[in-house]
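In the text below, chain A, chain B and the rest are named by the order of the sequence lines, each starting its count at 1.
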Amino acid sequence: MTPSTLGAVLRRAALAGLFAGLAAALAALLVVEPRIDDALAIEAARSTSDEEPLFGRATQVFGGMVAAVAVAVCLALVVGVVFARVRHRLPATTDFGRAALLAFLGFTTFALLPALKYPANPPGVGDPDTVTERTVQYLTLIAAAVAVTWLAFLVHDRLAARPWPPAYRAAVGVAVAAVGYTALLMTWPASPDSVPADIPAALLWDFRLASLAELAALWTVFGLGFGLLLTPRRIPAATMA
Amino acid sequence: MAAPEVSVTAIRVPVTAWLIVAFALLAVFVLLQLNSTAFAEQIHEFTHDGRHALGVPCH
């Protein structure tokens with residue numbers, strides 16, 4: 001049976017989100033943390049204050065992994081509700097395909113686009129005085145990207161009235177999204193920060209790639225897990241060749 | 001008239017389900033975005049590596 005109630009969908013989304021969070025936490029530990037250590041060493045060499053940090057490094061590494069799991073489960077619940085609401089309108093033939101499509105769009109709007117406009121930075125780069133401004137830029141870009149995605153589907157659905165093959169409508173929808181995303185990246189304001197001179201370019205690049213790898217791990221595992229959990233375990237005997 | 005590509009039944013989503021969405025987004029905000037209050041400092045420092053790793057603006 002394919003799930004037909006909101007509760008059944010949300011349970012599967014939450015479980016997939018848990019796996020996605022664990023994958024992201026593993027990526028954080030193995031890929032991101034070594035780069036954070038490099039950045040903290042630069043920050044320490046710069047610092048003249050001997051202010052005691054609130055938490056030790058081990059606690060913060062653990063905290064980062066806990067955050068990844070919690071965020072993944074929360075985002076999974078959001079996608080789960082959206083999935084339930086729009087499933088019958090998504091252009092795919094199976095629940096696996098629909099889940100994969102939503103996860104791909106989630107990665108694009110919540111991770112890839114903000115990463116392109118406001119790339120992740122390791123500790124020791126961001127200016128504390130501009131953090132509110134940068135947070136507003138980051139969140140409004142995500143909100144606008146969600147709106148563009150919605151608009152692309154709206155156009156796609158409107159074209160259903162025409163006697164076009166589905167592929168034509170899909171192509172127009174993708175084009176609307178691509179143009180819309182590009183327009184957002186071009187119009188949103190640049191980050192007010194500049195990177196301090198003592199941060200090596202290679203470290204910045206490696207950190208940004210590592211951050212994107214963690215986000216990709218999160219959304220890939222979520223999409224695959226959610227799709228698999230939505231898929232009936234057995235093919236009904238009548239439909240088998 | 002183009003036929004729908006695949007017919008699947010719509011899932012009933014009560015308005016209250018959007019409370020789950022709002023709550024989940026609020027939780028993400030508190031975990032990753034909140035700055036500058038005394039209560040936030042504890043969370044901020046605990047999830048600090050996670051903020052940076054997930055690409056959220058920080059310092």
Side-chain angles (χ1 to χ4, degrees), chain A residues 2-6 9-10 24 28 32-33 36 53-55 59-61 63-68 70-71 74-75 77-78 81-82 84-85 87-88 91-93 95 111 114-115 118-123 126-128 131-132 134-135 137-139 160-164 166 210-212 214-215, chain B:
Chain A
T2 51
S4 54
T5 66
L6 178 65
V9 169
L10 285 186
V32 183
E33 283 299 342
I36 291 187
L54 204 51
F55 296 109
T59 309
Q60 282 193 313
V61 171
M65 296 170 74
V66 170
V71 167
C74 287
L75 290 176
L77 289 174
V78 173
V81 173
V82 172
R85 182 71 183 79
R87 175 175 80 157
H88 57 290
T93 51
D95 277 345
Y118 307 115
N121 283 320
D127 179 355
V131 69
T132 302
R134 286 182 287 123
T135 300
Q137 291 176 333
Y138 171 88
L139 290 180
R162 292 165 192 246
W164 284 8
S211 166
L212 207 50
E214 177 175 340
L215 290 164
Chain B
M1 176 64 203
E5 281 123 46
V6 187
S7 57
V8 275
T9 49
I11 298 171
R12 220 177 65 78
V13 179
V15 178
T16 48
W18 297 100
L19 286 176
I20 298 173
V21 171
F23 181 79
L25 290 176
L26 182 69
V28 172
F29 181 80
V30 170
L31 279 168
L32 297 183
Q33 315 280 351
L34 210 57
N35 301 298
S36 76
T37 68
F39 163 73
E41 197 178 322
Q42 295 274 339
I43 296 176
H44 181 129
E45 287 301 318
F46 183 65
T47 64
H48 191 259
D49 281 34
R51 292 174 66 123
H52 281 284
L54 293 167
V56 175
C58 200
H59 53 76

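The two residues Val131(A) and Cys58(B) make their nearest non-hydrogen contact at CG2-CA, 4.0 Å. Closest non-hydrogen pair, Gln42(B) versus Phe55(A), comes out as O-CE1, 3.4 Å.
Only the side chain of Glu33(A) comes within contact range of chain B, judged by heavy atoms closer than 4.5 Å. Interface remark: Leu54(B) contributes backbone and side-chain atoms alike to the contact with chain A (heavy atom separation under 4.5 Å). With a 4.5 angstrom heavy-atom cutoff, Ala84(A) touches chain B via backbone and side-chain atoms both. Only the side chain of Leu215(A) comes within contact range of chain B, with heavy atoms under 4.5 Å apart. For chain A, no part of Phe23(B) is nearby; none of its heavy atoms comes within less than 4.5 Å.
Between Leu54(A) and Phe46(B), the closest side-chain pair of non-hydrogen atoms is not below 4.5 Å. A 4.5 Å side-chain heavy-atom check between Arg12(B) and Thr5(A) finds every atom pair outside the cut-off. Here the side chains of Val21(B) and Leu77(A) are not in contact, with every heavy-atom distance at 4.5 Å or above. Residues Leu10(A) and Ile20(B) form a side-chain contact, since some pair of their non-hydrogen atoms from C-beta on lies under 4.5 Å apart.
In terms of non-hydrogen atom pairs under 4.5 Å with chain B, the most contact-rich of Pro123(A), Pro114(A), Ala115(A), Pro122(A) is Pro123(A). The choice from Val32(A), Val78(A), Val9(A) that makes the most heavy-atom pairs within less than 4.5 Å of chain B is Val78(A). When the candidates Asp95(A), Val71(A), Val82(A) are compared by the number of heavy-atom contacts under 4.5 Å with chain B, Val71(A) comes out ahead. Contacts with chain B were tallied for Ala120(A), Ala210(A), Pro128(A); Pro128(A) has the most, counting heavy-atom pairs under 4.5 Å. In terms of non-hydrogen atom pairs under 4.5 Å with chain B, the most contact-rich of Val66(A), Asn121(A), Asp127(A), Leu212(A) is Asn121(A). Among Gly50(B), Gly55(B), Ala53(B), the residue with the largest count of heavy-atom pairs under 4.5 Å with chain A is Ala53(B).
Between atom CD1 of residue Ile36(A) and atom CG of residue Asp49(B) there is a gap of 4.0 Å, rounded to the nearest 0.5 Å. Separation of atoms CD1 (Ile11(B)) and NE2 (His88(A)) is listed at 9.0 Å; rounding is to 0.5 Å. The structure places CG of Leu25(B) at 8.5 Å from SG of Cys74(A), a figure rounded to the nearest 0.5 Å.
Thr47(B) contributes no side-chain N or O that, together with a main-chain N or O of Ala67(A), makes up a donor-acceptor pair within less than 3.5 Å. Gln60(A) places no side-chain N or O within 3.5 Å of a backbone atom of His48(B) that could act as its donor or acceptor partner.
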